[in-house]
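Got a structure for you, written out below as structure tokens; questions coming shortly.
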Amino acid sequence: MKIERAYCIVTCPGRNFVTLKVVTDQGVYGLGDATLNGREKSVVAYLQDHVIPCLIGRDPHQIEDIWQYLYKGAYWRRGPVTMSAIAAVDTALWDIKAKLAGLPLYQLLGGKSRSGVMVYGHANGRDVSEAVDAVSHYLGLGYKAVRAQAGVPGLDTAYGIAKGKLFYEPATKGLPEEQIWSTEKYIDFIPRFFEAVRAKHGFDFHLLHDVHHRLTPIEAARVGKSLEPSRLFWMEDPTPAENQDALRLIRQHTVTPIAIGEVFNSIHDCRELIQNQLIDYIRTTVVHAGGISHLRKIAALAELYQVRTGSHGATDLSPVCMGAALHFDLSVPNFGIQEYMRHTDETDAVFPHHYSFDQGFLYPGDAPGHGVDIDEKLAAKYPYDPAYLPIARLEDGTLCSW
Ligand code: GCO
Ligand code: MG
């Protein structure tokens with residue numbers, strides 16, 4: 001069997017997605033997500049100009065060899081563009097292999113380790129009372145875990161506050177939107193917000209929060225400590241983690257669990273965090289971290305240190321990534337939780353899928369492969385529409401992490 005052709009499908013049913021389709025000489029095809037928010041076209045060019053020509057004629061069954069060929073063969077290793085492109089190929093090849101076997105992908109990954117995948121939804125509001133009500137909404141939908149974000153008094157914008165209700169989309173058209181951020185205002189406000197959520201809803205569900213890389217280690221240590229009475233499931237991305245050692249300081253001060261990894265793209269980005277037990281959850285996901293093959297290696301390393309997985313699942317990761325992630329989640333022994341930000345109806349129509357939500361859990365379904373397809377005709381009706389993620393500045397104008 002040979003790979004006969006492969007091509008990228010770029011579509012914008014409300015937001016931009018890049019999908020790689022790999023077609024074999026027997027007609028069976030596989031799909032992989034290659035979306036990199038705000039930098040979509042760079043992955044398309046990487047795939048079209050540099051990867052696809054090297055795939056034609058190869059045996060699609062040789063998933064690991066093709067992964068090594070694309071990673072080591074490029075000479076230039078790692079990076080979000082390269083690793084998203086490799087991820088797309090890898091995901092498409094696993095999809096093909098599972099379709100040929102006539103099995104849902106999770107069966108090829110060792111079978112089910114659990115019956116369903118616990119997910120968390122995003123509750124947010126412009127102020128405390130709106131955000132507390134949003135938590136009620138998610139609990140009413142059956143969620144067992146809810147991420148809560150609220151607008152900070154004195155600031156016009158804060159990370160994670162939806163313009164629509166269920167679909168948070170931070171990327172905007174035109175040049176990057178500039179937002180103002182104040183760490184001081186946030187630090188004073190955030191424990192009061194979580195006290196209000198627990199006071200209203202009690203402790204019988206998991207509560208999560210995303211700091212979105214905005215604090216220094218000592219500020220994050222303070223926040224983690226101040227949130228201990230609210231018993232969070234995790235505090236996400238408390239500080240940027242290029243310097244993995246930065247997490248040590250936070251760890252010395254708080255027992256609030258720490259989750260990191262949505263911007264990581266390889267095992268080397270998290271190896272020290274895992275081996276030194278500086279985090280509790282690793283949030284790398286299929287599309288940005290080299291596909292199913294590489295994610296399995298990260299999870300296997302994490303398992304040795306009792307670090308659990310918590311894959312990123314924002315709306316900028318397409319249903320193809322979500323489908324593949326669910327098979328991974330169902331199979332790995334050290335699964336923790338899966339983020340689930342719902343896609344719009346337009347996106348769901350472009351990507352018909354077999355996964356489904358019920359009472360706080362997602363189920364990948366039993367269709368052969370990862371169970372997510374693309375309606376290419378419908379996709380063509382939504383041309384690429386450039387959008388950028390915002391940037392953040394401190395009140396004095398200094399650029400800081402968004
Ligand atoms: C999350 C993330 C997202 C990112 C987005 C960037 O935890 O869901 O932080 O909201 O900001 O994926 O493209
Ligand atoms: Mg996040």
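Whatever order the structure lists them in is the order used to number ligands and atoms, beginning at 1.
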Side-chain ion pair, Arg15 and Glu346, N-O less than 4.0 Å: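 Result for this pair is no, no salt bridge flagged.
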Residue and atom name of the nearest protein heavy atom (relative to atom 11 (O) of ligand 1), distance in Å to one decimal: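 Nearest protein contact, heavy atoms only, for atom 11 (O) of ligand 1 is His212 NE2, 2.8 Å.
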Structural part of Leu389 in contact with ligand 1, heavy atom criterion under 4.0 angstrom: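 It is the side chain that touches ligand 1; the backbone stays farther off.
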Quiz item: cation-pi between Arg114 and Phe361, 6.0 Å / 45°: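 No cation-pi geometry.
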Best match, His312, Met341, Glu236, Arg39: closest heavy atom to atom 7 (O) of ligand 1: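 Of the listed residues, Glu236 has the closest heavy atom.
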Ile63 CD1 to Ile292 CD1 distance, which is reported to the nearest 0.5 Å: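 So the gap between those two atoms works out to 9.5 Å.
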Taking atom 3 (C) of ligand 1 as the reference point, the nearest protein heavy atom with its distance: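 Going atom by atom, the protein heavy atom closest to atom 3 (C) of ligand 1 ends up being Tyr159 OH, 3.5 Å.
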Table please: side-chain donor-acceptor pairs of residues 49-59 below 3.5 Å, with sequence neighbours left out.
unit_1 : atom_1 : unit_2 : atom_2 : d
Arg58  : NE     : Cys54  : O      : 2.6
Arg58  : NH2    : Tyr69  : OH     : 3.1
Asp59  : OD1    : His61  : N      : 2.9

Expected output: side-chain Thr91 to main-chain Ala87 donor-acceptor under 3.5 Å: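 Yes, because the side chain of Thr91 sits within donor-acceptor range (under 3.5 Å) of the backbone of Ala87.
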Tyr120 N/O to ligand 1 N/O under 3.5 Å: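 So ligand 1 has no N or O lying under 3.5 Å from an N or O of Tyr120.
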Ring geometry between Tyr159 and Trp402 (parallel below 30°, tilted from 30 to 60°, perpendicular above 60°):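 Plane angle over 60°, so perpendicular.
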2.8 Å cut-off (strict), protein N, O or S atoms about the Mg ion (ligand 2):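 Protein N, O or S neighbours of the Mg ion (ligand 2) under 2.8 Å, waters not counted, come to 3.
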Between Trp181 and Thr157: side-chain donor-acceptor atoms closer than 3.5 Å: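 Checked: Trp181/Thr157 side chains show no N/O donor-acceptor pair below 3.5 Å.
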Asp385 side chain vs Cys12 backbone, donor-acceptor pair below 3.5 Å: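 Not confirmed, Asp385 side chain does not pair with Cys12 backbone.
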Contact atoms of ligand 1, heavy-atom distance to Asn37 under 4.0 Å: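 Reading through ligand 1 atom by atom, the close ones are 13 (O).
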Numbered atoms of ligand 1 (with element) below 4.0 Å of Arg147, judged on heavy atoms: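 Result: 1 (C), 7 (O), 8 (O).
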Mutual orientation of the aromatic rings belonging to Tyr340 and Tyr355 [parallel < 30°, tilted 30-60°, perpendicular > 60°]: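 Perpendicular, since the angle between the ring planes exceeds 60°.
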Ring pair (Phe, Tyr, Trp, His ring centres under 6.0 Å) involving Phe194 - partner list, sequence neighbours excluded: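 For Phe194 the ring pair (Phe, Tyr, Trp, His ring centres under 6.0 Å) partners, ignoring immediate neighbours, are His209.
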Under 4.0 Å to a heavy atom of Arg283 - the qualifying atoms of ligand 1, by number: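 Under 4.0 Å from Arg283, ligand 1 has these atoms: 7 (O).
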Ionic contact status for Glu303 with Arg308, cut-off 4.0 Å: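 Salt bridge: no.
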Proximal atoms of ligand 1 relative to Trp402 (non-hydrogen, under 4.0 Å):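 Per the distance check, 11 (O).
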Protein heavy atom at shortest distance from atom 12 (O) of ligand 1: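 Protein heavy atom with the smallest distance to atom 12 (O) of ligand 1: Asp316 OD1, 2.8 Å.
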Close-contact set for ligand 1 against Ala314 heavy atoms, below 4.0 Å: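 Numbered from 1, ligand 1 contributes 3 (C), 8 (O), 12 (O).
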Sequence neighbours excluded - salt bridge (charged side-chain N to carboxylate O under 4.0 Å, His left out) pairs with any residue from residues 243-264: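 Counting only pairs at least two positions apart or across chains, the salt bridge (charged side-chain N to carboxylate O under 4.0 Å, His left out) contacts touching residues 243-264 are Asp245-Arg248, Arg251-Asp280, Glu262-Arg283.
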Proximity to ligand 1 by part of His288, non-hydrogen separation under 4.0 Å: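 Neither; no heavy atom under 4.0 Å.
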Which residue and heavy atom of the protein sit nearest atom 9 (O) of ligand 1, plus the separation: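 Here the closest protein heavy atom is Glu262 OE2, 2.6 Å.
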Shortest protein contact, atom 8 (O) of ligand 1 (heavy atom only):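 Of every protein heavy atom, Glu339 OE2, 2.4 Å lies nearest to atom 8 (O) of ligand 1.
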Salt bridge flag under 4.0 Å for residues Arg78 and Asp269: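 Counted as a salt bridge, because a side-chain N and a carboxylate O are separated by less than 4.0 Å.
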